Every structure is written in structure tokens, then in C-alpha cells.
Amino acid sequence: MGKFSTLVSQAHSLAGPSLSLIYPLYASVLALESTSKLDDEQWLAYWILYSFLTLVEMVMQPALEFIPIWYDVKLLFVGWLVLPQFKGAAFLYERFVREQLKKYRGTSSSSSSSSQTHKGKTAKFVDFIIPRRA
């Protein structure tokens with residue numbers, strides 16, 4: 001039973017990187033090479049959400065250490081984001097991220113200087129990340 005539990009433990013530790021990084025990298029390359037735009041949206045949305053999840057996980061690491069099933073929950077969530085049967089990343093992006101972008105992104109007026117446009121976009125991004133309170 002000792003060798004079997006070691007094997008299961010090793011498979012479990014390889015499942016996370018395989019599901020969250022290796023397969024999405026491969027699928028992203030295939031999406032770039034395809035002519036369809038739908039798969040591009042799925043994988044761009046995945047990388048946005050995975051980056052956000054990683055940032056949240058880094059900030060909340062001390063609290064997450066006390067949740068023994070965190071790794072399993074994260075693995076299930078990432079599986080839902082990644083697997084083409086669910087298209088979870090595209091769903092979350094459409095449902096939540098796009099709404100926030102629409103809320104904070106105004107119509108851009110054409111300015112004569114590209115640096116002013118760049119500053120305006122940076123300010124909008126900062127307002128999106130850290131909204132100002134009235």
C-alpha cells in the first residue's frame with residue numbers, strides 16, 4: 001500500500017502543473033495557429049484569470065495554509081476554466097471581467113499626443129484596479 005500511495009501522491013502533485021500550465025500552453029499555441037477567434041478568446045481569458053488567481057493566492061498565502069483542501073479546490077476550479085467542455089474561462093470573462101471593463105472604460109477621444117493617450121489608458125487601468133471612492 002505504501003508504493004501505491006506514493007504513486008497517487010506523485011500523480012496528484014503533477015496534475016496541478018499539467019492542468020494549469022502545460023495543457024493551456026499547448027492549447028494557446030494551437031489557438032494562435034488556428035483561424036478561429038473563439039479559441040483565442042478562451043485562452044486569453046484563461047491566462048487573465050489564472051494570473052489573477054495566482055496574485056490572489058500569493059497575497060492570501062498565510063490564510064490559505066490553514067485550508068487543507070485548497071489545492072484540491074484550486075485544481076477543480078482550474079480544470080473548470082481549462083477544459084473545453086466547460087469553457088469556464090470564457091464564461092467568467094464574459095460574465096464578470098468584461099462588465100467591469102465596460103464600467104471603467106470610457107470612450108477614448110482622439111488626442112494629438114500619443115503620450116497623453118498612454119497616460120489616459122494607464123489612469124483608466126489604475127482606476128480599474130483601485131477604484132476611487134467618492
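Just so we're clear, the structure is a prediction, and the values are computed from it rather than from any experiment.
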Within the 4.5 Å heavy-atom criterion, are [X] and [Y] side-chain neighbours or not?
X     : Y     : answer
Val82 : Trp43 : yes
Ser20 : Tyr46 : yes
Leu55 : Val59 : no
Val73 : Ile67 : no
Lys74 : Glu57 : yes

Check whether [X] and [Y] end up in the same hydrophobic cluster, where Ile, Leu, Val, Met, Phe, Trp and Tyr are linked by side-chain heavy atoms less than 4.5 Å apart.
X     : Y     : value
Leu75 : Met60 : yes
Phe91 : Leu76 : no
Phe86 : Ile48 : yes
Leu83 : Leu53 : yes

More than 12 heavy atoms of other residues, nucleotides or ligands under 6.0 Å from CZ of Phe52: yes or no?
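Atom CZ in Phe52 is not crowded, with 12 or fewer foreign heavy atoms closer than 6.0 Å.
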Give a yes or no on this: more than 12 heavy atoms of other residues, nucleotides or ligands lie within 6.0 Å of atom CD of Gln61.
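Result for CD/Gln61: enclosed.
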Between [atom1] on residue [X] and [atom2] on residue [Y], distance to nearest 0.5 Å:
X     : Y     : atom1 : atom2 : answer
Leu14 : Leu19 : CG    : CG    : 12.0 Å
Arg98 : Glu41 : CZ    : CD    : 6.0 Å
Ile69 : Leu64 : CD1   : CG    : 11.5 Å

With a 3.5 Å cut-off and no angle check, do the side chains of Trp70 and Glu65 form a donor-acceptor pair?
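No pair is found: no donor N or O on one side chain lies under 3.5 Å from an acceptor on the other.
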How far apart are the closest heavy atoms of [X] and [Y], and which atoms are they?
X     : Y     : result
Asp39 : Ser34 : OD2-OG, 2.6 Å
Ala45 : Ala89 : CB-O, 3.6 Å
Trp47 : Pro24 : CZ2-CB, 3.6 Å
Leu81 : Gln42 : O-NE2, 3.0 Å

Members besides Leu30 in its Ile/Leu/Val/Met/Phe/Trp/Tyr cluster (side-chain heavy atoms under 4.5 Å)
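Its cluster partners, ordered by chain and number, are Tyr26.
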Donor-acceptor pair, distance only, cut-off 3.5 Å: does the side chain of Tyr93 make one with the backbone of Gly88?
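No; judged by distance alone, with no hydrogens or angles, the pair does not exist.
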